[in-house]
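Each remark here refers to the structure printed beneath this line.
Since this is a predicted model, take the numbers as computed values, not measurements. Below, read A as the first sequence line, B as the second, and so on, with proteins coming before strands; counting in each chain starts at 1.
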Amino acid sequence: MTRVRFAPSPTGYLHVGGLRTAFYNWAFARATGGTFLLRIEDTDRSRLVEGAMENLIESLRWAGIEADEGPHKGGEHGPYVQSERLAIYREHVDKLVAEGKAYPCFATPEELEEMRQKQIEAKENPRYDGRYRNLDPAEAKQRVEAGEKHVIRLKVPAGEDIVFDDVVRGTVSINTDTVDDQVLMKSDGFPTYHLAAVVDDHLMEITHVIRGEEWLSSTPKHILLNRAFGWNPPKYAHLPLIVNEQKKKLSKRDGDVSVESYRDNGFSAIGLVNFLALLGWSAGDDKEYYESLDEMAQAFTLERISKAPSVFDVAKLKHINFQHLRVMPAEELAEKLTPYFEKAGLPKPSDEKLHAVIEVMRERANVYPDYVEGCDYFYKAPDSYDEKTVKKRWKDDSPALLAAYRKRLETCHWDMETLETELKAVTEEAECGAGRLIHPVRLAVSGVGGGPGLYDLLYLVGREECLSRIDTALEKLPGQVTA
RNA sequence: GGCCCGGUGGUCUAGCGGUUAGGACGUCGCCCUUUCAAGGCGAAGAUCGCGAGUUCAAAUCUCGUCCGGGUCACCA
């Protein structure tokens, strides 16, 4: 039975890289009939952000990833928030100290900083020099009991190659000479990531640790810790990083990195996850579109995760999102659109009208707001006219043709076929191409040069509104009606 | 700088000893549409980072090298 976890820190929002990690974990659990749990790693009190945990859970839920166990779900292995497990870490670290596998270190942060500076000046690699490693245990105990500030460090053996088999990277070997006597317990009584994660992963019976590559070089510490406790370490799978165009780890500086920002910008959950899943993984075929998370989970294997980092390309995200929106039922789409109408300050149209707009816009919308702000002319009169289009399409004869068409629109039957017949009649009468009138009409009614078919546009905007918009255009756009 | 990981068109990728190196995004062109998209067709774009070696044969195996990244905290 496999058990995996996603263990974010509540320092703000869910990062897109975090979502991908969460998805891989979730998919692996689903694919193997295992369990996926959520654990909150809030051991750094200085970086805590109010509401971040709820935000994380909400973002995951939005994405469609629900944990089987977690702070919001409960479970047999709780609590799932590390700050509620302090006694557990204490107990474990005490045991290590008692067995001589870890020891108190009384060096102050300032002292250590000074040590590092000297090492750097001497062109040495900065590292803990073991100054309290061999302190007499009795003396150490006494100082601890006297209340002296200290941390607990792990005794890392010298000159040993720690070799492990990473599921995505293969055999990795790191010598302990490059590993510091790692701090396990901070002076504030909170565990470090290393201690907390190892203890929790064991207690929560995690079988596979699937996490970002930034953790690869500290994996020996985790293996050593497991050994100190007498445990078998889980299997490790280190995921390639998601990077920016400069190939650097994607960060806040690169713009939108939070899941909520993509959600707010109108990407669908399935579109985002589909895109993210393909960043570093493929089923081995050319499949790029997955209808559901479950469909991806079916095809998912850790072995097919690639080793190389991948660049986050919004253009591709848009394309994948487009494919999902294209097949989304109108009812569902209409519901997703609600917040965008609010945001744009537009009243939400009737279902009937909205569904009609949706069908007409389907082939041109990449994100939700493309159905609202991107075609606001369906909902309100244009307040300006696109300059380029005016220049290109608004000719000397436009006012006259438009006026003539307007006259027919007053009384003609309001269906798309008639709208077209009437337009053709006007241009035939004027002995010119239909385009001569089509474009000015579009410009007058929508204010822009592109969009859905003209007759769809007119039909949906409605007779009264069309007439009024044409009047406005004749008034505002250059030229007089000379005929 | 030490250690570790990585390297197929601009981007995401397929490939696992013999392929005209395949697909997708993006770009460009044509068709369709008197719009914009979508769709169809087509094009440009990769000496598979580079150099050796193994082999009849290497993107695929080995070594070296270069470049890129990650990590070296009482942050995760």
Using atom names, set out every protein N or O paired with an N or O of nucleotides 22-26 of chain B below 3.5 Å, distance rounded to 0.1 Å.
from, atom 1, to, atom 2, distance (Å)
G22(B), N2, D286(A), OD1, 3.1
A24(B), O2', E288(A), OE1, 2.3
A24(B), N3, K316(A), NZ, 3.1
C25(B), OP1, H319(A), NE2, 3.3

At a cut-off of 3.5 Å, list every protein nitrogen or oxygen paired with a nitrogen or oxygen from nucleotides 42-48 of chain B, distance to 0.1 Å.
none

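Q182(A) places its CD atom 12 Å from the C1' atom of A76(B), with the value rounded to the nearest Å. The interatomic distance linking R39(A) (CZ) with A76(B) (P) rounds to 13 Å, in whole Å. Here the P atom of nucleotide U71(B) and the NE2 atom of H222(A) are 13 Å apart, to the nearest Å.
At the heavy-atom level, K318(A) lies nowhere under 4.0 Å from the strands shown. Within the 4.0 angstrom heavy-atom criterion, base atoms lie near P109(A). Counting any heavy atom pair closer than 4.0 Å across all strands shown, T389(A) reaches no nucleic acid atom. Within 4.0 Å of A107(A), counting heavy atoms only, lies at least one base atom of the nucleic acid. Contact annotation for R362(A): no contact, since no heavy-atom pair falls under 4.0 Å across all strands.
Cation-pi check for R153(A) over Y132(A) is not met; the charged atom does not lie both under 6.0 angstrom from the ring centroid and within 45 degrees of its normal.
Of the candidates C74(B), U35(B), A76(B), the closest approach to any side-chain atom of R393(A) belongs to U35(B). The side chain of R47(A) lies closest to C75(B), out of C74(B), C75(B), G6(B).
Under 4.0 Å is where a charged nitrogen must lie from a carboxylate oxygen, and between E91(A) and K95(A) no such pair does.
Side-chain N/O atoms of D200(A) and Y80(A) include no donor and acceptor closer than 3.5 Å.
Under a cut-off of 6.0 angstrom, the local environment of CD in E148(A) is crowded, with over 12 non-hydrogen atoms contributed by other residues, nucleotides or ligands.
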